Amino acid sequence: MGVTDLLVIITEVILFRIGYEFPGSILFITPVCGVIAILIRASRDSSVWLTITFSFDRFVLICCQKQKTKYCTKKTAYVVIATTCILLSLKSIVWYFIYEPQEIIDNVPWFCNITPSYFTEPGWVAFDWLHMILTPMLPFALILLLNALTVRHILVASRVRKGLRGQNKRKNHVDSEMESRKKSIILLFAISGSFILLWLTYVTVFRYYITAENVLFQYHSLDILLRISYMLQNLSSCTNTFIYVLTQGKFREQFKSVMKYPIIVIAKLVGKK
């Protein structure tokens, strides 16, 4: 998740948003901006769907004790991550063929304009709907469903364990299992809740786009909302790292080691000299 979030920042923010502030650069050549479009969609979709797989992993870990030992393993994680990223990357290759050059200068195609057939041909229209359903409509529904089932299970299990252990009488008793589940649920809700809140504007714009009678097109409201929604999408990729730092002790330890490593190396080199 951290890698895909970083790729979103590199491709969407640095290459696309910042890079396009320098007209005439290599980024404006049609094949180059087509490849950038592939990288943006692949990294963004992978970031979203790895959030889904993480939510499902937490759901299995907390709610499905019988499947936990079979599913919650490193091997399964490798397979799920690789399959998710490969399939979404293959889907994103289609974006390369959506664009056409705006002009050709000295036999070099410049700029990326969406081909007019993208808005009329049934195949492209179906692809556009598939893209919107996969990111972020279906992820929204899956996250809400998984979180609701997880919370319901935790509440029921908490009542049962309190009854069995007599915690109503012994308030000072500490249940290590429930404490572990609380930590998992905090991380789960921090990541999935951040995703939902920061993608909500984009989903709202899409909803009005398919239902309203061009109301949002007046006074450039749609353009403003789209820009805000894109900004919040990018912010969603920035927040996960901070969430890991705040909630995961092991992540904090590894992060400290990474930050200390250059200082240690420099100190050793200085000591040798």
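The structure displayed is predicted, hence computed values, not measured ones. We're numbering straight along the sequence, starting at 1.
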Parallel, tilted or perpendicular, as decided by the 30° and 60° cut-offs, for the rings of Tyr118 and Trp95
tilted

Testing the basics here: between Asp5 and Ser237, what is the closest heavy-atom pair and its distance to 0.1 Å?
CB-O, 3.3 Å

If you define the side chain from C-beta out and look only at heavy atoms, does anything of Thr51 sit under 4.5 Å from Met1?
yes

Could you give the side-chain donor-acceptor pairs of residues 77-87 under 3.5 Å, partners two or more places apart or in another chain?
| residue | atom | partner | partner atom | Å |
| --- | --- | --- | --- | --- |
| Thr83 | OG1 | Val79 | O | 2.7 |
| Thr84 | OG1 | Val80 | O | 2.7 |

Same cluster (ILVMFWY, side-chain, under 4.5 Å), Leu197 and Leu146:
no

Full working for side-chain contact (heavy atoms from CB on, under 4.5 Å) between Ser194 and Leu198:
CA-CA 6 Å; Ser194 171; Leu198 294 174; 3.6 Å; yes

Classify the ring geometry of Trp199 against Phe195: parallel below 30°, tilted from 30° to 60°, perpendicular beyond 60°.
tilted

Polar side-chain atom of Ser92 near backbone of Leu88 as donor-acceptor pair, under 3.5 Å:
yes

Ser236 side chain vs Leu232 backbone, donor-acceptor pair below 3.5 Å
no

Are Met231 and Leu7 connected, step by step, through hydrophobic side chains (Ile, Leu, Val, Met, Phe, Trp, Tyr) whose heavy atoms are closer than 4.5 Å?
no

Distance from Ile14 atom CD1 to Ile9 atom CD1, nearest 0.5 Å?
8.0 Å

Taking all atoms of both residues into account, what is the closest heavy-atom pair of Leu27 and Val32, and its distance?
CA-CG1, 3.9 Å

I'd like to know whether Glu12 forms a side-chain contact (heavy atoms from CB on, under 4.5 Å) with Leu39, so could you lay out the CA-CA distance, the side-chain angles of the two residues, the decisive distance to 0.1 Å, and finally the verdict.
CA-CA 8 Å; Glu12 174 77 11; Leu39 296 175; over 6 Å; no

If I take atom CD from residue Gln102 and atom SG from residue Cys33, how far apart are they, to the nearest 0.5 angstrom?
10.5 Å

Backbone N or O of Tyr71 within a donor-acceptor pair of the Thr76 side chain at under 3.5 Å?
yes

Kindly give the heavy-atom pair with the smallest separation between Val60 and Cys72, and that separation in Å.
CG1-SG, 4.1 Å

Side-chain contact, heavy-atom cut-off 4.5 Å: Thr150 with Arg58?
no

Under 3.5 Å, side chain of Ser47 to main-chain N/O of Arg44, donor-acceptor pair present?
no

Single-linkage hydrophobic cluster, 4.5 Å side-chain cutoff, Leu61 and Phe54 together
no

All heavy atoms of Thr30 vs all of Glu100, minimum pair found to be CG2-C, 4.2 Å

Within the 4.5 Å heavy-atom criterion, are Pro31 and Tyr96 side-chain neighbours or not?
yes

Under the disulfide (SG to SG under 2.5 Å) test, residues paired with Cys63 that sit two or more places apart:
none

Does His131 form a side-chain contact (heavy atoms from CB on, under 4.5 Å) with Lys91? I'd like the steps, not just the answer.
CA-CA 9 Å; His131 173 69; Lys91 180 188 77 70; 3.4 Å; yes

Please find the pair of heavy atoms, one from Trp110 and one from Ser25, that lie closest to each other, and give the distance.
CZ3-O, 3.5 Å

Are Leu235 and Val3 connected into the same hydrophobic cluster when the rule is that any two of I, L, V, M, F, W, Y join if their side-chain heavy atoms are below 4.5 Å apart?
no

Working to the nearest 0.5 Å, report the span between CZ of Phe28 and CD of Glu103.
11.5 Å

Report the distance from atom CG of Leu145 to atom CG of Leu138, rounding to the nearest 0.5 Å.
10.5 Å

Determine, stepwise, if the pair Tyr99 / Phe111 fulfils ring pair (Phe, Tyr, Trp, His ring centres under 6.0 Å).
CA-CA 9 Å; Tyr99 299 102; Phe111 307 106; over 10 Å; no

Please report the C-alpha distance between Leu142 and Phe59 in whole Å, then the side-chain angles of each, then the deciding distance to 0.1 Å, and finally whether the side-chain contact (heavy atoms from CB on, under 4.5 Å) criterion is met.
CA-CA 11 Å; Leu142 290 175; Phe59 169 76; over 6 Å; no

Residues, nucleotides or ligands: over 12 heavy atoms within 6.0 Å of Ile26 CD1:
no

What is the minimum heavy-atom distance between Thr11 and Ile36, and which atoms define it?
O-CG2, 4.3 Å

In this structure, CZ of Phe119 is separated from CG of Asp128 (nearest 0.5 Å) by 8.0 Å

Under 3.5 Å: donor-acceptor pair, side chain of Thr135, backbone of Met132
no

With a 4.5 Å heavy-atom cut-off, do Leu134 and Trp49 have their side chains touching?
yes

Check Val258, Val265, Ile264, Ile263 against Tyr261 for a side chain to side chain contact (heavy atoms under 4.5 Å, CB included) and give me the one that passes.
Val265

Answer with yes or no whether the hydrophobic clustering places Leu149 together with Ile154; edges join I, L, V, M, F, W, Y residues whose side-chain heavy atoms lie under 4.5 Å apart.
no

Please report the interatomic distance CD1(Ile62) to CG(Asp57), rounded to the nearest 0.5 Å.
9.5 Å

Side chain of Trp124, backbone of Ile98: donor and acceptor closer than 3.5 Å?
no

